[in-house]
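I have placed the structure first, in the form of structure tokens, so that the comments after it can refer back to it.
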Amino acid sequence: MVVSRDYTYMCSDPGQALIKQDIQEYDLNRVVVAACSPRMHEPTFRSAARQQGVNPYQVEMANIREQCSWVHKDQEQATKKATALVASAVAKARYLHALEEREVDVTPGVVVIGGGVAGMAAALDVADTGIRAYLVEKEGYLGGRVADLNRTFPTLESVPQLLGPLVERVEQHPSITVMLNSKVSGVDGYVGNFEVIVAEGGTVDGEAPNERSLSVGTIIVATGYDVFDPDRKPEFGYSNYPNVITSLEMEERLMRGDLTVGGRTPERVAFIQCVGSRDVQLGNPHCSRVCCMYTAKQSRLVRETLPDADVTVFYIDVRTFGKGSEEFYDQSRSKGVRYRRGNVSEIYRKPGNPDRVVLALEDTLLGEPVEFEADLVVLAVGMEPRGSAAEISQLLKLPRSADGFFLEAHPKLRPVDTAMAGVFLAGCCQGPKDIPDTVAQAKAAASSALIPLVRGSVPVESATAVVNEELCAGCGMCVDVCPYDAPSMNQLWGVSRINAVLCKGCGACAVTCPSKAIRLQHFTAEQVLAQVDALVE
Amino acid sequence: MAETDFEPKIVAFLCNWCTYTGADLAGTSRIQYPPNVRIIRLMCSGSVDPTYVLKPLLDGADGVLIGGCHPGDCHYQSGNYKARRRVVALKEILKGAGIDEDRVWLRWISASEGQRFADTITEMTEFLKDKGSNPMRREWAV
């Protein structure tokens, strides 16, 4: 150990400058950084070392944030553990060897999973560069959830007029392959060279799906969201009363221009906010971010269609954070939509009044119980992760956050990247969003997904396994155990040799080799046992 | 009998793609667990050599955890299956050598299971507290 330094943000430019300066000044050939997870900033520090002529594989990180300071409250114990982790990293660093950095060519092309607004916007940006985008949609049409909407907020633009030309552009684009009634059924490979299996059709009449393998460099996940099922709040009687509908049914009614219930024009219309959102008991503590605004829109359109009707919104808090949203909400109120702060506990029917329902609630501003009669009740249902999110998470090895939506690599600086290199997120599969945010994220995902493709090559694993031919007995067990056919027997010398291009660095052969002739570089027994020594001491 | 104030020392070998990332997720989610675990990052549970498990136990660690991807999810297709077979064989050897094989745990924890990782560490720490310290610690101290 020649020099040790303490700095708040080692990954920042000044932090990296400190490392670079010390490499020069002290002629260092190993660097240990005790900071965040190597999954976060190892590339940053490797690059800093590389710039100063130190081989990037001679950098080691001690993960004292995600795996220490963030998970242990006891400062003394956490510091003790951090010290041990640093000692372990230093012990490993002693045995690090320089490795040659290699790159492989990428396969141009992007698979976009999901043909909603997010998927279409991402596919268009990819395809406009001339790189092929495969748009995989499980339904028989493009447009996703937005296709069910009537008008947008806060501009009241007609959705069919917005969506129609977008779908047409996608369908007509020479560089987009639209695959309808299709699902991704398998993913293999790594960033730059993925093999994605897409199954088309099937399941109907026991017919086998038509499988096709796509070779692409990157993947964009735009699988959207599920709408909260209001039957999970049986106290609202959604399935019992024709007067109670969801906001999506309201969209459809507004599109048709029909607001009647049982042939009668409603005189009293109620909106209930946060149905299935901000509800810890239901396991959905998150805000769905669009309900306040679509209710401001729907309630206003109802007022305009039925000027004599009483339109009341029951809310917990009104959140109007988007551009032009607060102004729109003000306008809705000035048009006579009433807002009443209160949490509706139950909807029921009163004997002798079969045409109406009654909302029981506590007005939380007045602090008194209220019964509110209504002819039509709209439940502002929220967004949930897709039921298929678990399946997609398994397929692509994507972590999910506590709310069940897919987890971005960094909440602020890498909002469309994921823990899987080469896989990006767009739209509501990452969390609830309105259309502008979805499109913005889709365009970000497209540009991130294009980076390796434009660059033309991606780094491949340098930490491969190597055979010490003097120790190799030529038993061939490594050949049998390797899933990638990387080792092969050299007949002339009677020893195994590993093809470094095929080797992915899993290390299975190194453990299997009975002569201990195989070494997994960067994770050698020498290095690992040195770490053990430092930790158990 | 459980020793008082005994804090077990656990060495964990975690695969980069699933369990190590799951441990990172526990961190980003600020899920608390006992500080008794020391993690060594490997690329695959299939690269855990028996000596990696034996050495800490002989040196006096109280437990060894191997964390890999769920069956079918291995980033390298079959590394976790190899780990599973090796651990079974290794436990037999440990028994023969008079080392308590229950000190070695193999668990499948995915990248999205931060809570499961934290729960596993909590559970293992409690388990080892009940079991008491690794007798190797004292024997070697002689």
Neighbour count >12 (heavy atoms, 6.0 Å) for atom [atom1], [X]:
X	atom1	answer
A/R102	CZ	yes
A/K80	NZ	no
A/D480	CG	yes

Considering only heavy atoms and a distance below 4.5 Å, find which of [options] pairs most often with chain B.
options	result
A/H72, A/E66, A/H522	A/H72
A/K397, A/E461, A/K504	A/K397
A/L398, A/N63, A/L407	A/N63
A/G505, A/A419, A/S69, A/A89	A/G505
A/Q67, A/M40, A/Q77	A/Q67

Checklist line | Test side-chain hydrogen bond (donor to acceptor under 3.5 Å, both in side chains) applied to B/T28 and A/R65, step by step | finding: CA-CA 9 Å; B/T28 47; A/R65 189 177 73 170; over 6 Å; no

For chain A, find which of [options] contributes the most heavy-atom pairs closer than 4.5 angstrom.
options	answer
B/R38, B/Q77, B/K9, B/R30	B/R30
B/I39, B/L25, B/I121	B/I39
B/D73, B/I31, B/V11	B/D73
B/A118, B/P56, B/A61, B/S45	B/P56

Check: Is a salt bridge present between B/K131 and B/D62, judged by a nitrogen-to-oxygen distance below 4.0 Å?
Finding: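 Salt bridge absent between B/K131 and B/D62.
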
Check: Under a 4.0 Å N-O cut-off, is there an ion pair linking B/D100 with B/K95?
Finding: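 Looking at B/K95 together with B/D100, the answer is no, because their closest N to O distance does not fall below 4.0 Å.
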
Margin query: To the nearest 0.5 Å, what is the distance between OG1 on B/T19 and CG on B/L65?
Written below: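 Rounded to the nearest 0.5 Å, the OG1-CG separation comes out at 7.5 Å.
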
Could you look at [X] and say if it's the side chain, the backbone, both or neither that has a heavy atom under 4.5 Å from chain A?
X	result
B/C69	neither
B/S29	neither
B/R86	side chain
B/F117	neither
B/H75	both
B/V48	backbone

Next item on the list: Taking the six-membered ring of A/F405 (Phe, Tyr or Trp), confirm whether the NZ or CZ of A/R400 is under 6.0 Å from its centre and within 45° of its axis.
Entry: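 Ring-cation test returns no.
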
Note to self: Within the structure provided, determine whether A/T524 and A/Q527 are in side-chain contact (heavy-atom separation under 4.5 Å).
What the structure shows: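 A/T524 reaches A/Q527 side chain to side chain.
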
Next item on the list: For side-chain hydrogen bond (donor to acceptor under 3.5 Å, both in side chains), just list the numbers for A/E101 and A/S462, CA-CA rounded to whole Å, side-chain angles, deciding distance to a tenth of an Å, and then say yes or no.
Entry: CA-CA 6 Å; A/E101 290 191 278; A/S462 297; 5.9 Å; no

Checklist line | Under 4.5 Å from a heavy atom of chain B, the part of A/L529 involved | finding: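 Both parts, backbone and side chain.
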
Check: Given a strict heavy-atom distance threshold of 4.5 Å, which part of A/L535 is in contact with chain B: side chain, backbone, both, or neither?
Finding: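 Both backbone and side chain of A/L535 come within 4.5 Å of chain B.
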
Check: Between A/Q58 and A/H97, does a side-chain hydrogen bond (donor to acceptor under 3.5 Å, both in side chains) hold up when you go through it step by step?
Finding: CA-CA 6 Å; A/Q58 289 175 322; A/H97 295 281; over 6 Å; no

